[in-house]
Colleague: 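This is the structure, below, for whatever I ask next.
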Amino acid sequence: MITLNQSPPGSSTGLHENEQVLLTLHRHWFIFALQATAVLFVGLFPFFIFFLLPIGAALFWFSAVIYWLFLLAFLLIAWIEYWLDMWIITNERIIDIEQRSLFSREVSEFFLARVQDVTVEVPSLMATVLRYGNIVVQTAGEKSFTIREIPHLEQAKEIILEQCRKINMLDAKT
Amino acid sequence: MSGVALILYILFLLGYGAFLWIALWHLRAYRVAQSGNDRVSGIILACVGLLLFVSLLLFFQVPWQSYSLFPSSIR
């Protein structure tokens, strides 16, 4: 069980009485690792330039350090976007917190009672090897939710379907 | 040139510091789940701190007096 240190920001009510968080999901670490690797490669440019062009050493390395500081700022933003982008599955609903950029975010939530269909997609070879993929949740409304590039696909799907089954059984009894 | 460089460098440090403050505030304000993965932001911040320190050292190594904002023909 995962405990929340605060109510999901942007969700209208926070956690309800008797509501328990069953699973919190972030994107697979590989997604952030790709960005970090790209930053690392771009960060190597000053070394190539230094060996190709005769530039004054101190000024060159000072400029390179400023350049690396900008790259680290970009990496920090990428990490914040990765880390704050998450899905919370509780025993009542799914909360989708989508961090689009540093200051842009969208929080959606829907009740498991409205879930009609759950589909698991594994879109690529890398996703197959590293075992991540998408879960598409079709609700009774027109909107379908896609939980993208997450690990533990089968576990998440099982939890969602199990909770839906429990909710439907309770509804049938009452 | 050294005076201009110093002013530009201080402006850069102030801007970068403001960015870090906003980014960290954002990370703490909107973090939902307790997790040990704060290590990653810690590592990034440690690298930032190290590079800021190195940039400070290098700034005073650069012979700013020998550089000019404008070519001598314009002056």
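Chain naming here is simple, since letters A, B, ... match the order of the sequence lines and numbering starts at 1 in each.
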Colleague: Are F74(A) and W21(B) connected, step by step, through hydrophobic side chains (Ile, Leu, Val, Met, Phe, Trp, Tyr) whose heavy atoms are closer than 4.5 Å?
Modeller: yes

Colleague: Is L40(A) reachable from I43(B) through a run of hydrophobic residues whose side-chain heavy atoms are each under 4.5 Å from the next?
Modeller: no

Colleague: Which atoms of F103(A) come close to chain B, meaning under 4.5 Å heavy atom to heavy atom: side chain ones, backbone ones, both, or neither?
Modeller: both

Colleague: Is the F70(A) to F12(B) ring centre distance short of 6.0 Å?
Modeller: yes

Colleague: Quick check for you: among L69(A), I80(A), V65(A), which has the greatest number of heavy-atom pairs under 4.5 Å with chain B?
Modeller: L69(A)

Colleague: If you group Ile, Leu, Val, Met, Phe, Trp and Tyr whenever their side-chain heavy atoms sit less than 4.5 Å apart, what else falls in with L57(B)?
Modeller: F53(B)

Colleague: So if you build clusters from Ile, Leu, Val, Met, Phe, Trp, Tyr with side-chain heavy-atom gaps below 4.5 Å, do F41(A) and I31(A) land together?
Modeller: yes

Colleague: Locate the shortest heavy-atom distance separating L76(A) from A23(B); write the atom from each residue and the value.
Modeller: CD2-CB, 3.9 Å

Colleague: Test of understanding: clusters of I, L, V, M, F, W, Y form through side-chain heavy atoms closer than 4.5 Å, transitively. Do F111(A) and I167(A) belong to the same one?
Modeller: no

Colleague: Out of L45(B), I44(B), L52(B), V54(B), return the one with the most heavy atom pairs under 4.5 angstrom to chain A.
Modeller: I44(B)

Colleague: So which atom in F62(A) and which in V62(B) form the shortest heavy-atom distance, rounded to 0.1 Å?
Modeller: CB-CG2, 4.1 Å

Colleague: Identify the two heavy atoms, one from I66(A) and one from S55(B), that lie closest to each other, and give their separation to 0.1 Å.
Modeller: CD1-CB, 4.5 Å

Colleague: Which region of F59(B), side chain (C-beta onward) or backbone (N, CA, C, O), has a non-hydrogen atom less than 4.5 Å from a non-hydrogen atom of chain A, or is it both or neither?
Modeller: both

Colleague: Do the side chains of I49(A) and F47(A) join up, straight or via other hydrophobic residues, at under 4.5 Å, putting them in one cluster?
Modeller: yes

Colleague: Is the shortest heavy-atom distance from the side chain of Y16(B) to the side chain of L72(A) under 4.5 Å?
Modeller: yes

Colleague: In Å and rounded to the nearest 0.5 Å, what is the CH2 to CG distance from W61(A) to L58(B)?
Modeller: 9.5 Å

Colleague: Under the rule for salt bridge (Lys or Arg N to Asp or Glu O under 4.0 Å), what residues qualify as partners of R131(A), not counting sequence neighbours?
Modeller: none

Colleague: What is the distance from atom CD of Q99(A) to atom NE2 of H26(B), rounded to the nearest 0.5 Å?
Modeller: 4.5 Å

Colleague: Does any part of the side chain of F32(A), heavy atoms only, come nearer than 4.5 Å to the side chain of V40(B), both counted from C-beta?
Modeller: yes

